[in-house]
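The structure appears below as structure tokens.
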Amino acid sequence: MTKMLDKDARDDLIARGYSRRQLGEVAALVGAGVAASSLLGNSAAFAQQQAARGMKGGVRIGANECWTGPFPSGVAAIASAASVGNWYDPDNYRGDLTSTVAKVEGIPEANIMLWPGSGGPLVSIVAAYCSPTKGLVTADPTFESAWRTADYLKAPIAKAPQAIGKGHDVKAMLAANPDAGLYYICSPNNPTGTVTSIADIKWLLDNKPADAMLLVDEAYLHFSEAPSAVPLMAGRKDIIVMRTFSKLFGMAGVRLGLTFADPEVQKRIMLFGPAAGGLSITAMACGNAVYTEAALIKARRAEMVANRDETIAWLTKKGIEVQPGSQANMFMVNWKKPAKDVQAALLAEKVQIGRSWAIWPNVSRVTVGSTSDMAAFRAAVDKVYKA
Ligand SMILES: Cc1ncc(COP(=O)(O)O)c(C=O)c1O
């Protein structure tokens, strides 16, 4: 198993306090890439995710995917790349996508790494910066993949509870472990959709230990109008900004993600992420086509906001509590009874909503889908739920 890690990665892990026996466990983790969550135990979140993925038909508003596919230019680019799929990378699809992203973000190409989604690099980043002696710090609730990886690595995990309707409490995050290896900010946050301000992100960057890494996961950024943390990267080697095409761009099954960081940092992530090279030209062609579609991005965001606001207004009118503050394609509903029971009742109506988090067991995350998805959700809530 340890063969999957090269010598640099093995030396790095030993220097961070891993025993030789534990190297195999890390190798298994990074070798499994995005599928790592399956090897990280049968968490409720993972089980719920798998159940959702297995559902045929019905209304899928449980996994924060987009209700529709890539923009037409992206679909056309996939078809044209598929027709030359006998070659590894004819015409430099990788180079074209990297150069487009560099132009749109205003950063050097050397700061950009392409991945098949962002779930893989998230595992790799935790493996690269956490260890049994260097912990992970996150908000709670947040996207729990980093917890699962840290748990598997036996790295200490500190969670700073987040106030309802607010972004991460960055001061509480630092206080939760002032000597961590990795601080993870998800903004907009999954599952609350709330944004952590750039001022707060900068505060954590400037006040965390110099040798710790800050990861800002911007998976849902395009659904909000919040500014990116990318400008904070200038001249620094202790921040990574991560993006995915799985959300607003409607490419969850196509698989494409990005990390933005100093080249030395990218190299370190890659030590623990062999999946970095495994990109399909169809994904890269599609990503290149959609990344510059500013007008369509804006229109899709507006469509999501309209659907979100309509359903939140409807729930509120019925006396069902929705947490405020989401700026992304999800919102949190407080059923005031176990959320998993309401989720199961809605699933029986073929409406698959999201999971709950241990910190708020009565609250479900609901993804914003199409106008008809949301109408079906409202009809199913009317049928199965009595406040
Ligand atoms: C915050 C966040 N980061 C990363 C991911 C990983 O997504 P993907 O691997 O499809 O890019 C997700 C998926 O839901 C997410 O919510």
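We count ligands from 1, going down the list as the structure has it; atoms in each ligand are counted the same way.
Backbone and side-chain nitrogen or oxygen atoms of Tyr220 are examined, and one is located within less than 3.5 angstrom of a nitrogen or oxygen of ligand 1. The shortest N or O to N or O distance between Gly119 and ligand 1 is under 3.5 Å.
There is a side-chain donor-acceptor pair under 3.5 Å between Gln266 and Thr259. For the residue pair Tyr220 and Asn189, no side-chain donor N or O sits within less than 3.5 Å of a side-chain acceptor on the partner. No side-chain donor-acceptor contact under 3.5 Å links Arg60 and Thr367. Using modelled atom types, one finds no donor on one side chain facing an acceptor on the other under 3.5 Å when comparing Thr194 with Gln327.
At least one heavy atom of Asp217 lies less than 4.0 angstrom from ligand 1.
Of all the atoms in ligand 1, the ones that sit under 4.0 Å from a non-hydrogen atom of Ala219 are 1 (C), 2 (C), 3 (N). For ligand 1 and Cys186, the ligand atoms under 4.0 Å from any heavy atom of the residue are 1 (C). Counting the atoms of ligand 1 from 1 in the order shown, those under 4.0 Å from a heavy atom of Arg255 are 8 (P), 9 (O), 10 (O). Interface atoms of ligand 1 facing Ser246, defined by a heavy-atom separation under 4.0 Å, are 8 (P), 10 (O), 11 (O). Residue contact check: Lys247 has heavy atoms under 4.0 Å from atoms 13 (C), 14 (O) of ligand 1.
Among all heavy-atom pairs drawn from Gly135 and Ala180, the shortest one is O-CB, 3.4 Å.
Tyr184 and Phe143 have their aromatic ring centers separated by at least 6.0 angstrom.
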